[in-house]
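So the structure is just underneath, and the comments pick up after that.
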Amino acid sequence: MSTRDLYTSSVSPTTHEIPLVGDTRFTWEYDDGRDKLLALYQKGKDRQWDSVKRIDWDLEVDPHDVLGVPDQSLAVYGTRHWERMSERERGELRRHSVSWQFSQFVHGEQGAMITAARIVETVPDLDSKFYSATQTMDEARHVEVFSRFLQEKIGMVYPINTKLQDLLNETLTDGRWDMPYLGMQVLIEGLALAAFGVMRDVTTKPLPKQILAYVMQDEARHVAFGRLALRDYYKDLSASEMREREEFVIEGCYLMRDRIRGREIWENFGIDAREVDEMVENSPYMRMFQSLLFSRIVPCVKDIGLWSPRIRETFEEMGVLDASKADLDALMRGDEEIAERLDAERFAAEEADRKAEVDAVIAAEAAVS
Ligand SMILES: [Fe+2]
Ligand SMILES: [Fe+2]
């Protein structure tokens with residue numbers, strides 16, 4: 001079935017064009033790679049995986065309870081709209097909500113794939129070109145995984161959120177080579193990584209858990225790449241150039257904060273936008289979720305050196321400044337370990353099943369003879 005038939009509202013045309021800007025760069029220096037970046041590239045090569053083999057697509061998913069989380073996670077929970085809904089309508093709402101979330105993931109992942117490919121072209125250094133080439137493949141896999149999950153298991157797709165679209169447009173129409181890094185690797189990926197993390201940790205269902213844990217294992221490398229490349233570059237920029245980057249971050253953070261309100265979902269249930277904002281602001285879960293979403297962006301912005309009083313005030317005003325204390329390296333090691341542990345548990349369970357089967361065959365043969 002074409003994705004067109006699964007969209008909650010019509011998407012036309014089905015392609016979106018952004019004119020190419022900036023220079024494509026060759027380098028003739030093949031031998032000056034930075035050790036840390038080359039090590040990350042090696043890791044990128046070593047950790048490639050195939051979603052067809054690694055993910056257990058036979059696992060069943062209830063489209064009306066995809067994540068198996070308490071309803072308190074819905075901003076509408078406990079309001080008069082919630083009280084009015086039948087059990088069937090609540091199931092439908094859960095489906096819309098998770099479809100919206102995963103739809104933004106898949107559109108964002110497509111943006112990441114396109115941006116990673118763009119970085120291969122525009123970045124001046126070969127080590128960064130190498131690394132970004134592996135990231136392009138990682139992001140293709142993420143698009144593949146999320147779109148399959150949406151189409152086969154949820155059966156409903158939301159169009160791209162306009163704020164996310166704006167941020168992608170801004171990121172891709174800037175000719176300076178570091179801006180796609182900043183918009184994509186730091187802001188969009190940072191927000192997505194935090195959202196994946198919350199869902200990975202709260203879901204009680206095995207299929208979304210596998211998908212999120214394995215995608216996060218890759219994303220941990222991507223954020224590390226953005227940090228390494230930008231930290232080096234920003235050391236040498238002038239004060240006015242740094243200010244331009246900070247403006248971009250500030251504007252981007254506001255766009256992302258607005259995006260996570262998910263107004264499109266509620267409009268489908270006849271709840272108007274103003275009321276949604278109020279609901280989101282009054283929902284303890286949403287408030288917690290919102291601050292968690294910036295938990296990866298804030299320390300990264302600090303780490304790459306964009307840490308002027310203006311940036312700090314913005315984060316303070318958004319109530320997320322505390323996140324600057326987070327240890328990004330520890331978070332990333334945690335993401336990798338969770339994926340590895342999940343593999344180990346799954347493969348140990350499969351091994352035990354196989355052994356039980358063999359034992360049963362041996363016992364049956366012994367009984368016959
Ligand atoms: Fe990704
Ligand atoms: Fe990524």
Side-chain angles (χ1 to χ4, degrees), residues 37 40-52 54-55 101-123 128-150 160-161 164-165 167-168 171-172 178-200 208-230 252 256 259-260 293-297 299-301 303-304 328-329 331-336 338-339:
L37 254 175
L40 205 57
Y41 170 57
Q42 185 61 44
K43 211 175 189 183
K45 289 188 291 179
D46 291 341
R47 302 271 163 89
Q48 291 294 315
W49 50 278
D50 183 349
S51 74
V52 177
R54 197 181 188 192
I55 288 173
Q101 191 63 262
F102 278 81
S103 298
Q104 304 319 313
F105 289 166
V106 77
H107 302 312
E109 292 289 358
Q110 187 183 170
M113 176 176 72
I114 289 169
T115 309
R118 177 71 56 87
I119 290 173
V120 174
E121 290 187 336
T122 57
V123 71
S128 288
K129 286 182 190 292
F130 277 173
Y131 180 75
S132 209
T134 66
Q135 184 177 335
T136 308
M137 183 58 218
D138 293 345
E139 305 297 9
R141 179 168 51 246
H142 301 170
V143 177
E144 178 200 336
V145 169
F146 283 124
S147 65
R148 181 168 178 184
F149 186 64
L150 268 168
I160 187 167
N161 173 271
L164 178 59
Q165 179 78 75
L167 190 54
L168 279 172
T171 296
L172 286 164
D178 63 304
M179 292 313 237
Y181 272 83
L182 194 54
M184 181 51 76
Q185 311 285 88
V186 177
L187 299 182
I188 300 178
E189 297 247 49
L191 187 99
L193 193 57
F196 296 164
V198 173
M199 288 192 188
R200 176 198 62 190
K209 194 166 202 99
Q210 282 177 25
I211 290 174
L212 293 162
Y214 297 152
V215 167
M216 284 187 79
Q217 188 180 22
D218 294 342
E219 300 295 357
R221 291 194 298 276
H222 304 170
V223 177
F225 171 51
R227 284 168 67 204
L228 279 176
L230 292 180
M256 312 252 271
R259 147 172 131 61
I260 57 185
L293 284 181
F294 285 86
S295 61
R296 306 276 179 135
I297 294 177
C300 191
V301 168
D303 190 64
I304 57 177
L328 276 177
D329 292 318
L331 284 169
M332 276 168 211
R333 270 197 309 278
D335 294 338
E336 293 189 320
I338 288 173

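One-based numbering, in listed order, for ligands and for the atoms of each.
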*Give a yes or no on whether a salt bridge exists between Asp138 and Arg47, defined as a side-chain N under 4.0 angstrom from a carboxylate O.*
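Salt bridge: no.
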Requested in this report: Kindly report the OE1-the Fe ion (ligand 2)-OE2 angle for Glu219 and Glu139 respectively, rounded to 10°.
Outcome: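 That angle works out to 160° after rounding to 10°.
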### At the Fe ion (ligand 2): angle between His222 atom ND1 and Glu189 atom OE2, to 10 degrees
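My answer is 100°, to the nearest 10°.
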Check your understanding: Do any of the N/O/S atoms of Glu109, backbone or side chain, fall under 2.8 Å from the Fe ion (ligand 1)?
Key ->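 A backbone or side-chain N, O or S atom of Glu109 is under 2.8 Å from the Fe ion (ligand 1).
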Measure the shortest side-chain to side-chain distance between Val120 and Thr136 over non-hydrogen atoms and say whether it is less than 4.5 angstrom.
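In short, these two side chains touch, coming nearer than 4.5 Å.
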Practice problem: Of all the heavy-atom pairs spanning Arg227 and Cys300, show the shortest one and how long it is. | Solution: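 Closest approach of Arg227 to Cys300: CG-SG, 3.3 Å.
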query = Among Arg141, Glu144, His142, which one satisfies side chain to side chain donor-acceptor pair (under 3.5 Å) with Ser51?
reply =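 Option passing the side chain to side chain donor-acceptor pair (under 3.5 Å) with Ser51: Glu144.
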Exercise. Name whichever N, O or S atom of His142 ends up nearest to the Fe ion (ligand 1).
Key: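 The His142 atom nearest to the Fe ion (ligand 1), restricting to N, O or S, is ND1.
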